[in-house]
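Notes follow the structure.
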Amino acid sequence: MDRSRPHARRPLAVLLTATAVAAAGVTALTPDARAADADLARNGSFETGLDGWNCPAGATVTSPVHSGASALKATPAGSDNARCAQTVTVKPDSAYTLSGYVRGAYVYLGASGTGTTDVSTWTQSAPDWQKLTTTFRTGPSTTRVTIYTHGWYGTGAYHADDITLVGPGGETGQPPAPPTGLTASGATSTSVALSWSPAAGATSYAVYRDGARIRTVTGTSTTVTGLSPSTAYAFQVAALNDAGESARSATVTATTSAPDSGGGDSGLPEHALVGYLHASFANGSGYTRLADVPDSWDVIDLAFGEPTSVTSGDIRFERCPATECPGVESDAEFKAAIRAKQAAGKKVLISIGGQNGQVRLTTTAARDTFVSSVSRIIDEYGLDGLDIDFEGHSLSLDTGDTDFRNPKTPVIVNLISALKTLKAKYGDDFVLTMAPETFFVQLGHQFYGSGPWGGQDPRAGAYLPVIHALRDDLTLLHVQDYNSGPIMGLDGQYHSMGGADFHIAMTDMLLTGFPVAGDANRVFPPLRPDQVAIGMPATVNAGNGHVSPAEVVKTLNCLTRNTDCGSYRTHGTWPSLRGLMTWSINWDRFGGWEFQRTFDGYFG
């Protein structure tokens, strides 16, 4: 995941030189502290978590600490330097001293918005706690300053503790009056839209659900997601500014609707096991005949249909030749096995794409060819539907295409149109599934396309407009929770493969919804739990991110029963979560059917 920042990076040496020059020009504080001076930093010792800090890549830890019981740990990743910041009310034309203790390589402490010269101090290497100190004077009209700490790209985690800003406190005034006009509208089975009138002097608003504060927003509207169907909720809002929080508004109640049963349930069992069958190639897992796939597998994805060229849209399904796959069945036997699986209530789909099958529908002609060629495969083998497993560079967003709700990029628009055409052609029983990687879905919470200034990987979040446009037609989404880098969850922390925590956090995002590119006005709505299965590798040979059966059970317990959740707290409990997907049936057979046995043991 090579994503650059919106603005070009300067060499490290240049930044360090500029920092030293800026610091040299600042008027120092007098040695004698004035009686009016105070420590203005809120929760600088991180004893109350990240309260007061905006720290998307940070978390509090109990070791190592400089003093007290907690300290900050923040981890740079990709184009993120793990900045943690808070804005403090100050007095114009006044002197301040900013200090803090840090550990790590290339750790920075600074202040911006001073109205004079913004300052920063740093250490190249601090294997143990090291104190950083810098000073500045505010401008003649400056009343707010942002203090921050950050690391450097790719240099690992850093720690910070006991951050102080000493100087005269500014005038904070009075908290605003409570908001008025709170209304609830647009209730779905899992969400409610709220809006209210602006409160004079408010800089943000706190939203409460059933008496608990659930989020803070800067505008006068928000959509609360992750709710349970057919349930009444009570909502309030309060206005915030530097002086504090207002009393809460009058309460409004809203009841979510009953679960929506639309979108292609298509006869699947309450909990389904989905697997890919290597039908067109062989690898170290060995060939498995379709008739030999155990009855536990409810959805069988035939891998893969691939294009004649990247942009042709012409999809072909070639079965594995006997020279490559000893024991491969004849076409007649293969088709008979499909009919037998269907007679037993199973769904057999053609999966398009895969690692080597790049598909880019750049033109309407390619779109139409895609529809006709996929239809021929479905008709020839009598299949139940289609799985979209576009990887690599199949989907990316053109520069300036920033709203997942209204995509403009041809490869996105044409794919949506093609899938809607296929769904309409085959009717409500047509099974449509998707298997994107986390890069194309959950990463969209942080980065979407090339970004507002360009420079980001245009593939980031590129599946979101496709999923959103087809959510009423989509039978299953099973994101590949493997071969993934760290992804930021709804808790503002990065989550990595290797345990239940990753699967819980990634699935919670799909079932709760999330702001796209951090924009609270562009929220990807939650999917129904019956539309979601969790993608996992069957064995350590199948892909990076394999977890033990015990971790699979912890994942399912947390999401369906609210037990075994560990440190991550979900935004709901979903007993109707559809199930599990794995790459692949062949690898699971190679591994003694461990994945299948875990599923059967859990769901019965």
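Atom set for the values below is all heavy atoms of this structure, side chains included, hydrogens, waters and symmetry mates excluded. No experiment lies behind these values; they were computed from the predicted model shown.
- Remark: K346 engages D298 in a salt bridge, criterion side-chain N to carboxylate O under 4.0 Å.
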Given L268 and R578, is the side-chain contact (heavy atoms from CB on, under 4.5 Å) satisfied, shown in steps?
CA-CA 9 Å; L268 294 180; R578 181 63 75 180; 4.0 Å; yes
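- The pair K408-D398 does not count as a salt bridge, with every side-chain nitrogen at least 4.0 angstrom from each carboxylate oxygen.
- In this structure, Y276 and H478 have perpendicular ring planes: the angle between them is above 60°, well past the 30° mark.
- Summarising the local packing, CD of Q342 is surrounded by more than 12 heavy atoms from other residues, nucleotides or ligands at distances under 6.0 Å.
- Q446 and Y494 are linked by a side-chain donor-acceptor pair at a separation below 3.5 angstrom, with hydrogens and angles left out of the test.
- A centroid separation of 6.0 Å or more is found between the aromatic rings of Y482 and W583.
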Go through the steps to decide whether I467 and L527 satisfy the test side-chain contact (heavy atoms from CB on, under 4.5 Å), and finish with yes or no.
CA-CA 9 Å; I467 299 168; L527 293 168; 4.3 Å; yes
Step by step, would you call M497 with D481 a side-chain contact (heavy atoms from CB on, under 4.5 Å)?
CA-CA 8 Å; M497 298 184 302; D481 285 0; over 6 Å; no
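- Counted within 6.0 Å of NZ on K554, heavy atoms from surrounding residues, nucleotides or ligands total 12 or fewer; the atom is thus considered open.
- Between M506 and I487 there is a side-chain heavy-atom pair separated by less than 4.5 Å.
- Between atom CG of residue L580 and atom OG1 of residue T582 there is a gap of 8.5 Å, rounded to the nearest 0.5 Å.
- A side chain to side chain donor-acceptor pair (under 3.5 Å) with T409 is found for one member of D401, T399, T362, N414 and no other, namely D401.
- Ring centers of F599 and F603: under 6.0 Å apart, within the cut-off.
- Looking at T180 and L182, their side chains never come closer than 4.5 Å, going by heavy atoms from C-beta outward.
- Aromatic rings from F502 and H495 are positioned such that their centres are separated by 6.0 Å or more.
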List the steps and the verdict of side-chain contact (heavy atoms from CB on, under 4.5 Å) for V441 and L510.
CA-CA 9 Å; V441 184; L510 302 177; 3.8 Å; yes
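- To the nearest 0.5 Å, atom CG of residue L349 and atom CD1 of residue I377 are 12.5 Å apart.
- For the pair R522 and Y448, the cation-pi test (distance below 6.0 Å, angle within 45°) is failed.
- Residues T560 and Y602 bring a donor and an acceptor atom of their side chains to less than 3.5 Å of each other.
- Put simply, CE on M581 and CG on D387 are 7.5 Å apart, with the number rounded to the nearest 0.5 Å.
- For the pair K423 (side chain) and L474 (backbone), a donor-acceptor distance under 3.5 Å is absent.
- Contact check on E245 versus R213 returns a salt bridge, with a Lys/Arg side-chain nitrogen under 4.0 Å from an Asp/Glu carboxylate oxygen.
- With values rounded to the nearest 0.5 angstrom, H503 atom NE2 is found 4.0 Å from M536 atom CE.
- Taking CZ of F317 as the reference point, atom CG of L383 lies at 8.0 Å (rounded to 0.5 Å).
- With hydrogens and angles disregarded, a donor-acceptor distance shorter than 3.5 Å links the side chain of S394 to the backbone of V359.
- When each of D501, D491, D508 is tested with Y568 by the rule side chain to side chain donor-acceptor pair (under 3.5 Å), just one qualifies, namely D508.
- Expressed to the nearest 0.5 Å, how far OH of Y208 lies from CG of D210 amounts to 13.5 Å.
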